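Note that this is a predicted model, so its numbers are computed, not measured. Both counts, for ligands and for their atoms, begin at 1 and track the order of listing.
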Amino acid sequence: MGDSQFVKKIVCVGAGYVGGPTMTIIANKCPNYKVTVVDISQDRIDAWNSDELPIFEPGLQERVEKVRGKNLFFTTDIDAQIADADIIFVCVNTPTKTFGEGAGSAVDLQYVEMTARRIKENATSDTIVVEKSTLPVRAAQALGTILHSGNNSVHFEILSNPEFMAEGTGIQDMEFPDRILIGSQDTPSGNAARDELMKIYLHWVPKEKLITTNLWSSELSKLVSNAFLAQRISSINSISAICEATEADIEEVSMAVGKDSRVGEKFLRAGVGFGGSCFRKDILNLVYLCEHYQLHPVAEFWRQVISINDYQMDRFVKRILSSLFNTLAGKKIALFGFAFKPDTGDTRDSPAIYISKKLYEEQAELNITDPHAIPNAKRDLQGFEDRVNFIEDPYKAAEGAHCIALLTEWKEYASLDYQKIYDSMEKPAFIFDGRNLLDHKKLYDIGFNVYPVGKPALEHS
Ligand code: NAD
Ligand code: UGA
C-alpha cells in the first residue's frame, strides 16, 4: 500500500510501554491509517522490529506481527516522520524530577519539551498534537507556547488524551476501554481536532465511551484517576495493619466493604504495597500541584497515600525480621516475584526493589526468582550482587532458604509443589505471602509458619 492510500498519518513519539501497545492497537483497528512509532533509542526501535519485543505484554506480540510493515512502523527517523504527520501522539516518559526545584515531586518535563521543540522545527503542515503522556494540569498551555514560538507558520492544535491502560491487561484495556477521554479547546479548530481523534477511536470504541472535556479537566482527571486507585490500595493496606493486630481477616473485611455498590469490589486487595511507574509519580505530581496552588491540606491528604504505601512495605520487612528471631544476617531468603504486578516484566518502582534492599541491609542473602522480570531485576539491584542471586527456577531459589517472601502474585506460584519446596528448605521454614495468593492452611499443614497480609499468622509452636 503506498502512502497516498492512507487517510491519515499518525506518528507516535515514544516507543515505550504506552506508545508501542497503543499504536499497535490503533494500527490493528484502523488499517487505513499509517502509524509510525519513533524513539531516540535505537535499541528500543530495533527490539520493536525484532521477534523479541522490548516489553512483555500478553497478546501484544501477535498484534504487532499482524500489522508491522503494513501500516505499523518503528523507526528512529524522527524528523522526517514529524514532517509527514497529520496527528502526533506524545508518549514520552514523564518521570519525577530528581534535581533542582521540585526534586522528588514535580514532573521532569524535559522529554516532553524536547519533543515539542522537535515537532515545531520539523512540522510542515497544520498538525494535531495529542498529549498521551501523563502531564501536570495546564501542561498543554506550555506545549502550545513552545509549538507556536518562532516563525513556523504551521498551526498546532493540542489535545489531551490520557491513557488509562494497566500493564499486564493492556491489550484488553485498550480494546475494551471503560472510557476514552479527550480534552480540547472549545474553538472551531479545537473541536475539529477533537473530532479527528474521535474518528480514530470510533473504529472500535462505542460512541458512548468517548468522553470529551476541556483540556485542563482531562489532564487533571488522569492524575486523579491514578490517585483514587492508589488511595483505595492504601486504604485497604492501612486496614490490613489493624487486621493483623486484632485477628480480623482483611479479605473478609474487603469483601464485606466492597459489596456495597457505592464502594465496589475492585482494587481492594491488600498486599505489600503498590508499585509501577505511575502511581507514586502521579500522586507526587498532584501533591506538587496542590502545593504550587497553596492548597497545603489537600497536598497533605494525598501525600498520606504514599506514606501508607511506604509503611506497608516497611511493615512487611519488619514482620519477616521479627518472625525470624530478629536476625536475618547470613539467612537465605527466596523472593518469589520481582515485577510490580503479574503478567509484566516491568519492575519500575516495584515494592520488590525496596524490600530487597531492606533485607540486604539486614545482611540476608537473597535468591530472586520471577518468570519475566529477572533482566530488569538485575538492573535494579546492580551493586548488590555479592548477596543477591537471580534464579529462574523457583524450586532452586527456595533450596536451603530460611524463608520465602512472595511479592508478586504470578499464578504459577499458586500451583507449585510446596511439599517439595518445604523439604528442601532450612527448618523452621517460613513463608510470607505478600499478596495473599497461596493456600495458607495447606502450607501450615505441610509444616510452614505462614504469614499472610492482614490475617492471623499460622505458626507452629
Ligand atoms: P517509557 O519510559 O516506557 O517510554 C518512553 C519512551 O520515550 C522511551 O522509549 C524513550 O526513549 C522515549 N523518549 C524520551 N524522550 C524522547 C524524545 N525526545 N524523542 C523520542 N523518544 C523519546 O514510558 P511509558 O511507561 O510508556 O510512559 C509514557 C507516558 O505514559 C508517561 O507519561 C506515563 O506516565 C504514561 N502512562 C504510562 C502507563 C504505563 O502503564 N506504563 C499507563 C498510562 C500512562
Ligand atoms: C495503573 C492504573 O491501573 C492504570 O489505569 C493507569 O493507566 C496506569 O497505572 C498508569 O497511569 O501508568 P498499572 O500501574 O499498570 O496501572 O497497574 P495496576 O493494576 O493499577 O497495579 C498497580 C499496583 O497496585 C501494583 O503493584 C498492584 O500489585 C497494586 N495493587 C493493585 C494492589 O496492591 N492491590 C489492588 O487491589 C490492586
Quiz item: By number and element, which atoms of ligand 2 are closer than 4.0 Å to a non-hydrogen atom of Glu163?
Solution: 7 (O)
Quiz item: Starting from atom 1 (C) of ligand 2, which protein heavy atom do you reach first, and at what distance in Å?
Solution: Phe279 CE2, 3.4 Å
Exercise. Starting from atom 30 (N) of ligand 2, locate the nearest protein heavy atom and write down its residue, its atom name and how far away it is, to 0.1 Å.
Key: Ile233 CD1, 3.4 Å
Quiz item: Does a donor on one side chain and an acceptor on the other come within less than 3.5 Å for Gln312 and Ser240?
Solution: yes
Quiz item: Which heavy atom of the protein is the closest neighbour of atom 15 (O) of ligand 2, given with residue, atom name and distance?
Solution: Glu167 N, 2.8 Å
Quiz item: Any salt bridge between Asp282 and Lys222, counting N to O under 4.0 Å?
Solution: no
Quiz prompt | Which residue and heavy atom of the protein sit nearest atom 12 (C) of ligand 1, plus the separation | solution = Asp39 OD2, 3.2 Å
Exercise. Give a yes/no verdict on whether any heavy atom in Cys278 is under 4.0 Å from an atom of ligand 2.
Key: yes
Quiz item: What residue and heavy atom of the protein are closest to atom 21 (N) of ligand 1, and at what distance?
Solution: Ile40 N, 3.4 Å
Self-check item: Side chain, backbone, both or neither: the part of Thr134 lying under 4.0 Å from ligand 2 by heavy atom
Solution: neither
Quiz prompt | Min heavy-atom dist Gly275 to ligand 2 below 4.0 Å | solution = yes
Practice problem: Give the residue, atom name and distance (to 0.1 Å) of the protein heavy atom nearest atom 27 (C) of ligand 2. | Solution: Phe340 O, 4.0 Å
Quiz item: Closest non-hydrogen protein atom to atom 8 (C) of ligand 2, residue and atom name please, with distance?
Solution: Met165 O, 3.5 Å
Quiz prompt | For atom 31 (C) of ligand 1, the protein heavy atom that lies nearest, with its residue and separation | solution = Thr94 OG1, 3.4 Å
Practice problem: Measure the distance from atom 28 (O) of ligand 2 to every protein heavy atom, then report the residue, atom name and distance (to 0.1 Å) of the closest one. | Solution: Arg435 NH1, 3.1 Å
Quiz item: Counting both backbone and side chain atoms, is some N or O of Lys222 under 3.5 Å from an N or O of ligand 2?
Solution: yes
Exercise. Please check if atom NZ in Lys66 has more than 12 non-hydrogen atoms from other residues, nucleotides or ligands closer than 6.0 Å.
Key: no
Quiz item: Just wondering, are more than 12 heavy atoms of other shown residues or ligands nearer than 6.0 Å to CG in Asp51?
Solution: no
Quiz prompt | Ligand-side contact atoms (ligand 1) for residue partner Cys91, heavy atom cut-off under 4.0 Å | solution = 5 (C), 28 (C)
Practice problem: Mark up the atoms of ligand 1 that fall under 4.0 Å of a heavy atom belonging to Lys222, in ascending order. | Solution: 43 (C)
Quiz item: Do the side-chain N and O atoms of Ser149 and Arg117 include a donor-acceptor pair separated by under 3.5 angstrom?
Solution: no
Quiz item: Heavy-atom contact under 4.0 Å between Arg118 and ligand 1?
Solution: no
Self-check item: Under-4.0 Å heavy-atom contact with ligand 1, by part of Cys278 that carries it
Solution: side chain
Quiz item: Among protein heavy atoms, which lies nearest atom 19 (O) of ligand 2, and at what distance?
Solution: Lys341 NZ, 2.8 Å
Practice problem: From atom 14 (C) of ligand 1, work out which of Asn93, Ile78, Val107 has a heavy atom at the shortest distance. | Solution: Asn93
Exercise. Return yes if a side-chain donor-acceptor contact under 3.5 Å exists between Asp380 and Thr347, otherwise no.
Key: yes
Quiz item: Nearest protein heavy-atom contact for atom 29 (C) of ligand 1: which residue, which atom, what distance?
Solution: Val92 O, 3.4 Å
Practice problem: Taking Asn71 for its side chain and Tyr33 for its backbone only, find out whether a donor-acceptor pair lies under 3.5 Å. | Solution: yes
Quiz prompt | Axial cation check for Trp48 ring with Arg68, 6.0 Å and 45° limits | solution = no
Quiz prompt | Proximal atoms of ligand 2 relative to Leu229 (non-hydrogen, under 4.0 Å) | solution = 2 (C), 3 (O)
Self-check item: Shortest protein contact, atom 25 (O) of ligand 1 (heavy atom only)
Solution: Arg348 NH2, 3.0 Å
Quiz prompt | Residue, atom name and distance, where the atom is the protein heavy atom closest to atom 36 (N) of ligand 1 | solution = Val18 CG2, 3.5 Å
Self-check item: Which residue and heavy atom of the protein sit nearest atom 34 (O) of ligand 1, plus the separation
Solution: Lys281 NZ, 2.6 Å
Exercise. Using distance alone, determine whether Lys132 and ligand 1 share an N or O pair under 3.5 Å.
Key: no
Quiz item: Do Thr94 and Tyr111 come within less than 4.5 Å of each other through their side chains, counting heavy atoms only?
Solution: no
Self-check item: Mutual orientation of the aromatic rings belonging to Trp410 and Phe56 [parallel < 30°, tilted 30-60°, perpendicular > 60°]
Solution: tilted
Quiz prompt | Lys/Arg-Asp/Glu bridge criterion (N-O < 4.0 Å) met for Arg63, Glu57 | solution = no
Self-check item: Within 45° cone and under 6.0 Å: Lys34 NZ/CZ vs Phe73 ring
Solution: yes
Quiz prompt | Contact atoms of ligand 1, heavy-atom distance to Arg44 under 4.0 Å | solution = 1 (P), 3 (O), 4 (O), 8 (C), 9 (O)
Quiz item: Taking C-beta and beyond as the side chain, do Arg348 and Tyr17 meet within less than 4.5 Å on heavy atoms?
Solution: yes
Exercise. Could you check atom 36 (O) of ligand 2 against the protein and tell me its nearest heavy-atom contact, residue, atom and distance included?
Key: Arg269 N, 2.9 Å
Quiz item: Taking 4.0 angstrom as the limit, do Glu219 and Arg138 come out as a salt bridge?
Solution: no
Practice problem: Compute whether any side-chain donor of one residue and acceptor of the other, for Tyr354 and Asp310, lie under 3.5 angstrom apart. | Solution: no
Quiz prompt | Nearest neighbour in protein (non-hydrogen) for atom 40 (O) of ligand 1 | solution = Glu167 OE2, 3.2 Å
Quiz item: Does the side chain of Gln141 come under 3.5 Å of the side chain of Thr145 through a donor N or O and an acceptor N or O?
Solution: no
Quiz prompt | Per-atom contacts of ligand 1 with Thr115, taking only distances under 4.0 Å to non-hydrogen atoms | solution = 17 (C), 18 (N)
Practice problem: Over 60° means perpendicular and under 30° means parallel, so classify the ring planes of Tyr360 and Phe384, tilted if in between. | Solution: perpendicular
